[in-house]
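For reference, the structure is listed below as structure tokens.
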Amino acid sequence: MAGFSPEWLALREPADHAARNPQVLGAVGAHFAGRNSMSVVDLGCGAGSNLRGTYAALPLHQHWTLVDLDERLLAATRQTLTGWADEAREQGEELVLTKGDHLITVDTRQADLNKDLEWVLGWQPDLVTAAALFDLTSKRWLERFVAALTGQRLPLYTVLTYDGREVWQPPHAADARVLAAFKHHQHGDKGFGPAAGPEATDVMAEAFRKSGFAVSIGDSAWRIDERRGELARMLATGIADAVLETGQVDAATIADWLATKSHAASALVGHHDLWARPV
Ligand SMILES: C[S@@+](CC[C@H](N)C(=O)[O-])C[C@H]1O[C@@H](n2cnc3c(N)ncnc32)[C@H](O)[C@@H]1O
């Protein structure tokens, strides 16, 4: 698995929250409206961005179990949530947070979602969620995951799954070649077998529909402008590094591409959100 730095996750968090699809989030909120409390499991939680982007749509009392492979990120999660909440205290292993009218208890658990998937889903939360995770996983793993969810009639809300769209301004002559090589890299093994990359949302949607779940999908593209210049620079650097690894574009062309994109006026990076529930 490639590591994700807390700095990168912090940089992308405001763009992720701004990009979330409001209709899909509204549908999730409507599903749980009228309840006073609920439990949520967040897969690949990173530094806790998904909780911060979702809690306001959900009932006043929430219990979240945050799962990640990376213990360093689980420690960062506890820190960032403590700083974000209006009040925070430790109660045994749990973190007890108040944010506005919401009371949120949080557990963090280290797990490898490839090996430990059935253990994690065995906790039987009211909602399974994940942000920016499923493009890292494989078609085979996604089918296993959806089979486990539908077998237990567990709903899934997921945001910001990369869909392969990238439009940069100004353009560069190598854009198409760089994007093709980047997509090739996206299909590399990230710990779950050959990654589904931009196809992940379609794979999940098809598997859920076959099992009789209702599926809603909404656009959640990043629309980056000069106000998010640092995000654009880090994104372009990450793409250039990935493309270099593929050997499909020569180093001089990538360096020239990166120089243009590091000062890009705007960039659109395509993502989709998905909400799947038993009917
Ligand atoms: C792109 S980051 C997204 C993090 C967070 N959800 C967010 O939106 O900021 C992907 C996350 O998945 C985690 N991850 C990757 N492979 C994993 C695995 N096999 N088991 C558990 N977590 C994993 C990474 O450690 C990382 O935190």
Side-chain angles (χ1 to χ4, degrees), residues 1-21 24-25 40-55 64-81 83-84 106-123 127-142 144-145 148 156-164 182 185-198 200-201 220-222 228 231 234-235 237-239 241-242 269-274:
M1 183 209 64
F4 293 88
S5 74
E7 294 75 23
W8 165 246
L9 297 179
L11 186 62
R12 61 174 290 170
E13 181 164 334
D16 281 349
H17 289 187
R20 273 173 184 248
N21 186 282
V24 177
L25 180 59
V40 186
V41 168
D42 182 23
L43 307 176
C45 65
S49 169
N50 193 22
L51 185 160
R52 291 185 286 277
T54 308
Y55 84 97
W64 284 68
T65 307
L66 303 181
V67 179
D68 207 283
L69 182 60
D70 187 338
E71 299 213 43
R72 185 189 50 141
L73 288 177
L74 291 172
T77 293
R78 295 183 84 91
Q79 258 185 7
T80 54
L81 287 173
W84 163 83
V106 177
D107 272 321
T108 50
R109 290 271 179 278
Q110 200 258 344
D112 178 344
L113 292 168
N114 192 20
K115 293 200 205 104
D116 306 324
L117 179 65
E118 286 71 21
W119 174 57
V120 169
L121 296 182
W123 303 333
L127 174 67
V128 177
T129 186
L133 174 73
F134 293 119
D135 42 83
L136 304 175
T137 69
S138 62
K139 181 171 189 284
R140 193 170 172 168
W141 184 89
L142 284 168
R144 172 180 152 211
F145 174 56
L156 174 73
Y157 170 52
T158 182
V159 296
L160 298 150
T161 308
Y162 179 63
D163 71 6
F182 183 60
H185 189 273
Q186 285 275 306
H187 287 114
D189 189 338
K190 314 284 191 310
F192 297 84
T201 297
S220 56
W222 278 350
R228 297 215 165 104
L231 179 65
M234 277 191 76
L235 176 66
T237 304
I239 292 171
D241 289 347
V269 179
H271 302 111
H272 277 99
D273 296 354
L274 176 147

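Note that these values count all heavy atoms, side chains included, but never hydrogens, waters or copies made by symmetry. Positions are given from 1, in the same order as the sequence printed here. Whatever order the structure lists ligands and atoms in, that order sets their numbers, starting from 1.
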Exercise. Is Asp68 close to ligand 1, meaning an N/O of one under 3.5 Å from an N/O of the other?
Worked result: yes
For this session: Report yes if Leu136 has an N/O atom closer than 3.5 Å to an N/O atom of ligand 1; otherwise report no.
Result: no
Exercise. Any donor and acceptor pair, going by atom type alone, linking the side chain of Lys115 with main-chain N or O of Ala111 inside 3.5 Å?
Worked result: no
Seminar exercise, completed: Note: heavy atom closest to atom 4 (C) of ligand 1, options Ala76, Ser49, Gly44, Ala132, belongs to Gly44
For this session: Please confirm whether Phe145 and Trp141 have ring centers closer than 6.0 angstrom.
Result: yes
Problem set entry | Heavy atoms from other residues, nucleotides or ligands near CD of Gln79 exceed 12 (cutoff 6.0 Å) | no
For this session: Return a yes/no value for Leu9: is any of its N or O atoms, backbone included, closer than 3.5 angstrom to an N or O of ligand 1?
Result: no
Problem set entry | Heteroatom proximity flag, Asp112 to ligand 1, N/O under 3.5 Å | yes
Exercise. Distance only, no hydrogens: is a donor on one side chain within 3.5 Å (strictly under) of an acceptor on the other, for Arg12 and Ser49?
Worked result: no
Exercise. Can any side-chain N or O of Thr108 pair as donor or acceptor with the backbone N or O of Leu74 at less than 3.5 Å?
Worked result: no
Exercise. Ala111 near ligand 1, heavy-atom distance under 4.0 Å?
Worked result: yes
Exercise. Can a non-hydrogen atom of Gly191 be found less than 4.0 Å from any atom of ligand 1?
Worked result: no
Exercise. Should the heavy atoms of other residues, nucleotides or ligands under 6.0 Å from CZ of Arg140 be counted, would the total exceed 12?
Worked result: no
